[in-house]
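Structure, as structure tokens:
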Amino acid sequence: MSPDNPDPERPVDEADQPAPPRTPDAKPPAVDPSDAPDGFGPSQLPASAAYQSSLELRFDEPRRPLRAVATVLGAVLALAALGVPLGLLWAALAPDTPVLKTAEGAIYAEPQPEQPIAADGWFSLLGLAFGLLVALALWFVLRRRRGPVGLLAAVLGALAAAPVAWQVGRRIGLATFDRLLATAPAGQAFSKPADLRAGGVDWLLGVLPVPHGNLLLPAFGAAVMYTLLAGWSRWPGLRPEPEPGEFSWVSAGTPAPPAEPEPPAPDAAEPPRG
């Protein structure tokens, strides 16, 4: 070893050889597919692109208007049927109003009764809670229809259930009241079943029913709850998206262990060492 040759295994008389010049016709060296990085291949997309395409295939389904309409109609009919137990619950909680029979008809037994106000209040509270529960239930039941279709189903279903609940609840005991009103003598006291004073149904052109007042509270509660659920959703598309590890068809490939470098030939030139 000498100052001119710090490497003892390198011959002194062998000069450093520069790299061969690059020519225009030179082609890049061929890459072995097994040495490709993770997620790539000769005819394979990156893992991120494959994940994105899989999401598009799995979640961005083609729009089917007929199926969406059928979903909304089915939800509206099911929620309208739930108006029956809602009306029974309202009739059980709302108090009856005491009345007196007179020659002109029935009058309130008290000058300013609180029972009609309580009946309106109970219906408003139950209807609002019903709308909140409807939106929460449809959010999980119609997971693949989250968005405008789910919101429309929740609002229309709650709007249809409110008049059903009102009519069912007000008819509990109504036959007995009508019978006493027609046959009871003047001065007899009896009770009138719960009814609404702050809500009802108007008929547009005599054909289309238009609810108003506290009959709109179930639909209002459903709209508010569904909007809040959509705003707090962790997924941009509102529907649960799988994690990248859940896809089995994406072949990311197992990286091959790096091959050990072959020893240089005895007559091969070594790069300069600084």
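We number each residue from 1, following the sequence as shown.
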Quiz prompt | Val155 to Ala223 - nearest heavy-atom pair and separation | solution = CG2-CB, 3.9 Å

Self-check item: Side-chain heavy atoms of Ser191 within contact of Thr97, under 4.5 Å
Solution: no

Quiz item: Same cluster or not: are Leu133 and Leu229 linked, directly or through other Ile, Leu, Val, Met, Phe, Trp or Tyr residues, by side-chain heavy atoms under 4.5 angstrom apart?
Solution: no

Quiz item: Are more than 12 heavy atoms from other residues, nucleotides or ligands located less than 6.0 Å from atom CD of Glu110?
Solution: yes

Quiz prompt | Atom pair CG (Asn214) and CG (Leu128), whose distance is rounded to the nearest 0.5 Å | solution = 11.0 Å

Quiz item: Taking it one step at a time, do His212 and Asp202 satisfy side-chain contact (heavy atoms from CB on, under 4.5 Å)?
Solution: CA-CA 8 Å; His212 62 85; Asp202 295 333; 3.3 Å; yes

Quiz item: Any chance CZ of Phe220 has more than 12 other-residue heavy atoms, nucleotides or ligands included, within less than 6.0 Å?
Solution: no

Exercise. Give, for atom CG of Leu217 and atom CZ of Phe123, the distance between the pair rounded to the nearest 0.5 Å.
Key: 8.5 Å

Quiz item: Under 3.5 Å, side chain of Trp90 to main-chain N/O of Ala119, donor-acceptor pair present?
Solution: yes

Quiz item: Would you say Lys192's side chain and Phe177's backbone share a donor-acceptor pair under 3.5 angstrom?
Solution: no

Quiz prompt | Joint cluster assignment, Leu73 & Leu152, ILVMFWY side-chain distance < 4.5 Å | solution = no

Exercise. Identify which one of Leu138, Val72, Leu142 satisfies the side-chain contact (heavy atoms from CB on, under 4.5 Å) criterion when paired with Val149.
Key: Val72

Quiz item: After noting the C-alpha distance and the side-chain angles of Ile172 and Leu88, does the key distance pass the side-chain contact (heavy atoms from CB on, under 4.5 Å) rule?
Solution: CA-CA 8 Å; Ile172 302 298; Leu88 296 176; 3.9 Å; yes

Quiz item: Are Tyr226 and Trp139 an aromatic pair by the rule of ring centers under 6.0 Å?
Solution: yes

Quiz item: Do any N or O atoms from the side chain of Lys101 and from the backbone of Pro185 form a donor-acceptor pair under 3.5 angstrom?
Solution: no

Quiz item: Does the Asp120 side chain pair with the main chain of Arg197, one donor and one acceptor, at a distance under 3.5 Å?
Solution: yes

Quiz item: With the 4.5 Å side-chain cut-off for hydrophobic clustering, are Val76 and Val84 part of the same group?
Solution: no

